[in-house]
Amino acid sequence: MTVSATAQATEVTTGTVTAFPAVEPTRAVRDTRPLRLITCGSVDDGKSTLIGRLLWDTKAVKEDQAATLRRDSGKQNDLGLPDFALLLDGLQAEREQGITIDVAYRYFATDKRSFIVADTPGHEQYTRNMATGASTADLAVLLVDARTGLLEQTRRHATIASLMGIKQFVLAVNKFDLVGYDRARFEQITHEFRELAISLGVRQITAIPMSALKGENVVYDGKASMPWYEGQTLVEVLELATVRSAQTVGFRLPVQRVSRPGESFRGYQGTVAGGSVKPGDSVVILPSGMVANVTKIITFDLVRNAAVSGDAITLVLDRQVDVSRGDMIVSLESQPQVGLDFEAHLVALQSEGIQPGRRYWLKSGSRRQRVTANPFSQLDLKTGNWHQRTGVLAMNGIGKVHLSFDENAVFDAYEHNRTTGAFILIDPDTNNTVAGGMITAKRSSVTGLRSDETRVVLSLPADLADQLMATELFSRRRDETDLLRMTASEASQIFEDAAGGI
Amino acid sequence: MPSTLPETELHNPQTAKTPLDPHLKALENEAIHIFREVAAEFDKPVMLYSVGKDSSVLLHLARKAFYPGRVPFPLLHVNTGWKFAEMIAFRNDIVKKYDLDFIEHINPRGKAENVTPFTHGSALFTDIMKTEGLRQALDAGGFDAAFGGARRDEEASRAKERIYSFRTPEHRWDPRAQRPELWNVYNGMIRKGESVRAFPLSNWTEVDIWRYIQVEDIPLVPLYYAKERPYIERDGMMILAEDPRLELLPGETIQHGSIRFRTLGDFPLTGAIPSQATNLEEVIAELEIATVSERQGRAIDRDQSGSMEKKKREGYF
């Protein structure tokens with residue numbers, strides 16, 4: 001939505017707008033995937049008002065819904081707009097208690113793009129809901145009240161969002177009308193937030209002064225009140241944000257099902273979770289390690305000459321190999337980790353917490369297997385520091401755990417692939433989802449070996465290492481090896497240190 | 001063993017069509033992923049098929065998901081006996097054309113007790129013929145997963161529903177005890193008797209549905225397109241006056257006008273809108289400037305706010 005709507009904005013600020021924004025036919029051109037975002041803020045930061053404003057100003061609220069709203073709320077705010085919170089809180093319990101208790105998903109679109117908003121509760125006890133909403137989000141909008149500035153809750157939300165892999169943040173400095181549109185105040189809050197974001201390793205930050213209630217710098221600009229603000233409105237930022245993609249270069253296809261419509265056909269169906277594939281490519285089936293070549297990529301519409309991350313496809317291989325649901329078909333030259341021991345970040349989602357030593361079901365992609373999770377460190381959300389701590393990881397807690405499997409597991413690190421590095425834990429007694437997890441690393445397999453076994457540590461140019469790893473021999477014994485990628489100078493430092501130590 | 005497509009299956013019907021834009025492609029991929037996941041994880045899935053536009057899109061996606069194989073589960077139509085006649089004719093054609101396994105269920109109690117929307121009111125009629133009928137059909141078939149075409153943008157309580165929506169053996173939905181759903185990792189573990197409703201179209205909006213129908217050239221019941229049709233006005237709704245069971249009340253007269261339907265259900269409970277949109281392009285053009293939500297024509301949603309949540313708790317879709 002290109003914004004030249006100073007007139008609209010002025011109208012809004014004068015408080016006379018009770019009618020709908022002007023309706024103009026828009027031809028939707030969607031040349032990008034929908035952007036998924038999460039909104040977070042404390043209870044009174046005006047989150048519902050912001051989302052309501054987004055839906056309202058992009059015309060996602062229809063007249064009959066607005067009429068129901070007006071009927072239900074019976075009151076209107078001083079701008080003559082309905083109580084947006086009622087639009088959002090769809091469950092009876094929420095209406096009765098006046099709070100949001102669950103993640104809700106909202107949809108709106110501009111003529112440039114469409115958006116899916118995960119609307120999550122602000123209360124501290126709902127960290128788990130925020131983690132759920134953040135798991136699929138490309139971008140996080142963090143709300144703060146301009147009068148109070150950053151709160152402990154802001155740090156908490158920013159930490160969770162960044163842990164869940166969100167790299168793009170918008171800081172919405174809301175209720176800006178209530179601080180007299182004071183530019184210095186905006187700059188002060190923005191500066192504080194930048195320091196916080198840097199401590200979390202987040203670099204893509206946009207700060208916007210806004211009044212969600214008055215509709216300033218949400219969809220329409222707020223130049224009438226804040227002529228000094230030259231930046232984008234929220235919607236402009238969202239329109240230009242990038243969608244997450246699987247960062248790994250290697251092809252990944254978690255096999256969902258084997259299609260055998262006739263004796264002569266066998267195809268492996270799944271959604272590409274990283275990289276790309278074309279006929280003729282050599283692939284490895286994990287965890288078995290068997291190698292085959294791709295002959296065809298089939299979809300309903302056409303036999304394709306390539307498939308990329310996100311595509312739901314049927315893959316045909318050139319030879320009969322044993323592939324079943326839960327296996328992963330991957331590129332030969334860039335493979336995920338296979339092993340019995342991994343480390344992960346975990347968010348505990350249920351009141352029982354995560355019990356050390358207890359056996360859970362783990363589901364990742366289409367694969368489900370037994371695992372024990374042993375917490376060894378916990379994140380203090382107030383300070384952002386990690387503390388060594390074993391024992392139960394309580395509900396809403398974020399911890400680091402060791403995962404031990406009975407059978408080989410296949411993962412990428414979550415920072416490399418948000419699909420093949422993510423998993424849930426399921427309680428085998430209740431069948432409930434009790435944790436969400438993100439793989440950080442494979443635990444060194446060396447620890448599992450006899451200590452007197454001879455090992456060789458090699459430092460190779462990356463291209464040579466890739467060629468060696470692409471061989472069938474290497475691929476078969478991949479899980480006996482350890483791999484670290486680094487710069488040449490780091491490698492030489494390690495060798496120097498090691499030589500000094502001996 | 002040579003891996004080739006069976007000769008007869010090697011159809012390539014739509015290579016010349018406009019490719020999907022990235023937005024619709026992403027929605028399609030997600031829906032196919034959900035179809036495959038449910039089909040692989042559950043013993044006995046079924047797809048609820050209501051003959052409407054969302055069901056038509058759902059069926060199209062199911063055919064894509066399992067191609068070159070057949071759709072590996074039956075379609076279930078919970079009929080009330082009060083559907084538009086054109087819906088039933090269309091349904092029978094589709095089932096034949098796509099070689100689908102098909103089950104129709106009409107609540108025998110409702111039939112025996114002659115439950116009608118006129119005699120029992122829309123709320124009770126819906127409860128018996130739809131909610132109770134659906135429960136009967138799911139129990140009779142022993143289905144442990146049922147696909148539905150519900151979308152989160154339809155109604156406030158739907159906005160909170162999971163893609164895998166867990167149901168007790170009594171088919172109840174407890175909105176406060178929903179399983180968290182992270183990434184696209186779905187938890188399909190249930191005990192015997194419990195079931196899951198799966199919603200592949202959760203993230204689609206009404207505009208997405210119409211644009212997808214257009215690009216993919218999906219056949220629809222003609223009632224979605226405007227035509228000169230007879231109707232009466234009742235309770236602020238335009239009711240189609242074709243079925244002989246519709247009795248005119250004092251003061252009501254049959255009028256004629258160019259009308260169409262935004263949603264399809266039971267003819268006495270589904271209101272038409274005046275429209276000149278006789279084809280898809282015109283329907284979409286109308287939609288993009290529409291200021292009224294599609295469920296506005298549905299009598300069952302209007303009883304009270306939160307009435308959908310109440311119905312869903314009791315087992316309605």
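Naming convention: chains lettered A, B, ... in sequence-line order (proteins, then strands); numbering from 1 in each chain.
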Testing the basics here: between A:Thr132 and B:Pro180, what is the closest heavy-atom pair and its distance to 0.1 Å?
OG1-CB, 3.9 Å
Please give me the minimum heavy-atom distance between A:Thr430 and B:Arg191, naming the atom from each residue.
CA-NH2, 3.9 Å
Just how far is it from atom CG of A:Asn432 to atom CG of B:Asn187, taken to the nearest 0.5 Å?
7.0 Å
Is chain B contacted by the side chain of A:Arg304, its backbone, both, or neither, given a heavy-atom distance below 4.5 Å?
side chain
Between atom OH of A:Tyr107 and atom CG of B:Asp153, what is the distance when rounded to the nearest 0.5 Å?
7.5 Å
Do you know which two heavy atoms are closest between B:Ala159 and A:Arg106, and how far apart they sit?
CB-NH1, 3.8 Å
Audit row: B:Glu216, A:Asp301, side chain to side chain contact (heavy atoms under 4.5 Å, CB included) steps and yes/no:
CA-CA 10 Å; B:Glu216 293 287 302; A:Asp301 301 307; 4.2 Å; yes
Can you tell me which portion of A:Thr433 sits under 4.5 Å from chain B's heavy atoms? Options are side chain, backbone, both or neither.
both
B:Glu37, B:Arg36, B:Glu41 screened by side chain to side chain donor-acceptor pair (under 3.5 Å) with A:Gln256, the one that passes
B:Glu37
Locate the shortest heavy-atom distance separating A:Arg33 from B:Pro22; write the atom from each residue and the value.
CG-O, 3.7 Å
Residue pairs, two or more places apart or on separate chains, that pass salt bridge (charged side-chain N to carboxylate O under 4.0 Å, His left out) and touch residues 421-432 of chain A
A:Arg358-A:Asp427, A:Arg358-A:Asp429
As an exercise, state the distance from CD1 of B:Ile190 to CG of A:Asn431, rounded to the nearest 0.5 Å.
8.5 Å
With respect to chain A, which residue among B:Glu181, B:Arg152, B:Glu30, B:Lys25 yields the maximal number of heavy-atom pairs within a distance under 4.5 Å?
B:Arg152
Using a cut-off of under 4.5 Å for heavy-atom pairs, which of A:Val258, A:Ile426, A:Thr314, A:Ile116 has the most such pairs with chain B?
A:Ile426
Rounded to the nearest 0.5 Å, what separation is found between the CD1 atom of A:Ile298 and the OH atom of B:Tyr67?
7.0 Å
Using non-hydrogen atoms and a 4.5 Å limit, figure out which bit of B:Phe66 sits close to chain A: side chain, backbone, both or neither.
both
As a quick check of understanding, evaluate side chain to side chain contact (heavy atoms under 4.5 Å, CB included) for B:Trp183 and A:Met438, giving each step before the final call.
CA-CA 11 Å; B:Trp183 301 286; A:Met438 296 144 283; 3.7 Å; yes
Chain A heavy atoms under 4.5 Å from B:Ala31: which part of the residue, side chain, backbone, both or neither?
neither
Pairwise distance CD1(B:Ile32) to CD1(A:Ile313) - rounded to 0.5 angstrom:
11.0 Å
Counting heavy-atom pairs under 4.5 angstrom with chain B, the leader among A:Gly310, A:Gly133, A:Ser364, A:Ala137 is A:Gly310
Locate the shortest heavy-atom distance separating A:Gln269 from B:Ala65; write the atom from each residue and the value.
NE2-O, 3.4 Å
Minimal heavy-atom distance between B:Pro68 and A:Ser259, with the atoms involved, is CD-OG, 4.3 Å
Would you sort out whether A:Met164 and B:Leu182 count as a side chain to side chain contact (heavy atoms under 4.5 Å, CB included), showing the intermediate values?
CA-CA 10 Å; A:Met164 300 300 289; B:Leu182 291 91; 4.1 Å; yes
Top contributor to chain B contacts, counting heavy-atom pairs under 4.5 Å, from A:Thr299, A:Thr136, A:Ile424:
A:Ile424
Side chain to side chain donor-acceptor pair (under 3.5 Å) with B:Arg162: which residues, sequence neighbours excluded?
A:Asp102
Carefully, step by step, assess B:Met189 and A:Arg368 under the rule side chain to side chain contact (heavy atoms under 4.5 Å, CB included).
CA-CA 11 Å; B:Met189 294 188 70; A:Arg368 199 178 74 190; 3.3 Å; yes
Nearest-0.5 Å distance that lies between atom CG in A:Asp119 and atom NZ in B:Lys160
6.5 Å
